[in-house]
Amino acid sequence: MNEETYLSFDRYLANEMPADERAAFELTLQSDTTLAEKLRIYQEVQEIVGPRYQRQEQEFDFRKNLASIGSEELVERTGRTVKMNWYIGAAAASIALICAFFFYTSFSTPEYSDYAHYEPLALVERGNEDASILKAQQAFNTRRYADAMEAINALLKHDDKNDALKIYKGISLLELDRVAEANSLFTEVSNSSSIYKDKALWMLALSALKQKDYKTCEAFLNKIPAGSPEHKQAQDLLDKL
């Protein structure tokens, strides 16, 4: 999983998501069983070791405690000695679960859901609250992709050269599993001189990843040049394929 997925899990489990984002995230969990399973495992780990921001401190305390013990026995306040097998066992169980989680998330084949986190559609400018623009923006940002596609289509009728809108329409189509239509839009933009051409290549790679076509995914990722805003995440995905 990438960093953004971890952050989404943390924010969800800490109830830090706004109501609309939380509702959209829960809809994604209902439709994406792989992501839901990863969240379940992540939550189990978190119940043992705490939220991510606490783990470094807990690891430090854990090592400090082990160092202070210095023997195989603990001396209770009553003066009795007890074997520390229970302590070692609990620590081993915790470490085993943590290792299992990171093995599962780090070495499993990357999934589309690990990377399908899109920037919100932001078309509305201050003083310009056109109803059709608002409809497209609200629909996409709440993951109502069928409504978003229809609203974006209406906008494209008046601005058919808008590559940003084409990208967001393509994302909506991809989320609706209308892959061929989505790829057609992404290919059109990627073959142009648009500032969105690298974004379109990234989306073509994600489309291939969603279809588990890893060879094609790699081919598109390798086309994304160094210096592109998409290059870092492209390399991250390449490393995991």
Side-chain angles (χ1 to χ4, degrees), residues 1-59 94 97-98 100-102 104-106 108-126 129 131-152 164-165 167-177 182 199 202-203 205-207 209-210 229-230 232-234 236-237 240:
M1 295 192 300
N2 59 15
E3 182 69 15
E4 190 170 353
T5 304
Y6 283 123
L7 292 175
S8 294
F9 285 176
D10 278 330
R11 292 175 61 236
Y12 178 75
L13 294 174
N15 293 317
E16 294 176 352
M17 285 183 172
D20 57 344
E21 183 182 355
R22 185 178 184 85
F25 187 72
E26 288 175 344
L27 283 175
T28 301
L29 291 174
Q30 291 175 18
S31 60
D32 189 334
T33 56
T34 300
L35 185 66
E37 176 66 7
K38 289 179 179 179
L39 175 61
R40 183 190 66 78
I41 297 172
Y42 189 84
Q43 187 172 16
E44 289 182 1
V45 172
Q46 194 177 79
E47 287 172 356
I48 293 174
V49 300
R52 298 183 76 202
Y53 64 82
Q54 295 178 358
R55 290 176 199 157
Q56 284 186 322
E57 182 179 350
Q58 290 177 334
E59 181 182 356
S94 298
L97 183 55
I98 295 167
F101 173 73
F102 284 106
Y104 176 74
T105 57
S106 298
S108 59
T109 303
E111 300 282 346
Y112 170 75
S113 60
D114 294 337
Y115 293 88
H117 303 285
Y118 305 115
E119 296 177 4
L121 180 57
L123 301 173
V124 176
E125 298 178 359
R126 185 172 296 178
E129 297 185 357
S132 58
I133 292 176
L134 277 172
K135 182 180 179 181
Q137 183 169 296
Q138 291 172 354
F140 184 88
N141 294 343
T142 55
R143 304 187 184 188
R144 293 181 288 113
Y145 293 112
D147 294 338
M149 187 192 63
E150 292 180 6
I152 292 171
L165 286 176
I167 292 291
Y168 280 97
K169 178 182 176 181
I171 293 171
S172 299
L173 288 165
L174 185 58
E175 288 291 330
L176 294 169
D177 290 322
K199 183 69 173 180
W202 170 248
M203 289 310 308
L206 288 193
S207 177
L209 181 63
K210 188 173 187 180
E230 316 303 329
K232 183 178 179 179
Q233 58 185 354
D236 176 72
L237 179 51
K240 295 177 181 178

Note: Asp236-Lys240 ion pair, threshold 4.0 Å (strictly below): yes
Begin with the C-alpha distance, continue with both residues' side-chain angles, and end with the deciding distance and a verdict on salt bridge (Lys or Arg N to Asp or Glu O under 4.0 Å) for Glu150 and Lys135. CA-CA 10 Å; Glu150 292 180 6; Lys135 182 180 179 181; 5.3 Å; no
Non-hydrogen side-chain atoms of Pro120 and Gln137 separated by less than 4.5 Å: no
Drop me the distance from Leu176's CG to Ile171's CD1, to the nearest 0.5 angstrom. 12.0 Å
Find out whether Lys210 and Glu111 are in side-chain contact, i.e. whether some heavy atom of one side chain is under 4.5 Å from a heavy atom of the other. no
Least distance between heavy atoms, Ser8 atom then Met17 atom: O-CE, 3.4 Å
Can you tell me how far apart CZ (Arg22) and CD (Glu16) are? Round to the nearest 0.5 Å. 10.5 Å
Using a 4.5 Å cut-off on heavy atoms from C-beta on, say whether the side chain of Lys38 contacts that of Asp114. yes
Side-chain touch Leu173/Lys169, heavy atoms, less than 4.5 angstrom: yes
Leu121 side chain near Gln138 side chain, heavy-atom distance below 4.5 Å: no
Rounded to the nearest 0.5 Å, the CG atom of Leu29 sits from the CD atom of Glu37 at a distance of 11.5 Å
Which pair of non-hydrogen atoms, one from Ala182 and one from Leu174, has the smallest distance, and what is that distance? CB-N, 3.7 Å
Over all heavy atoms of both residues, which pair between Leu237 and Leu206 is shortest? Give the atoms and the distance, please. CD2-CD2, 4.3 Å
From Glu175 atom CD to Arg144 atom CZ, the distance as rounded to the nearest 0.5 Å: 14.5 Å
Any side-chain heavy-atom pair of Leu39 and Leu13 under 4.5 Å: yes
Which heavy atom of Ser132 sits nearest a heavy atom of Ala151, and at what distance? O-CB, 4.5 Å
Residues Asp20 and Thr142: side-chain donor-acceptor under 3.5 angstrom: no
Classify the side-chain pair Tyr168/Glu119 by whether it contains a donor and acceptor separated by less than 3.5 Å. no
With under 30° as parallel and over 60° as perpendicular, where do the rings of Tyr118 and Phe140 fit, or are they tilted in between? tilted
Glu230 versus Lys199: any side-chain heavy-atom pair under 4.5 Å? yes
Aromatic ring pairing Tyr12/Phe25, orientation class (parallel under 30°, perpendicular over 60°, tilted between): tilted
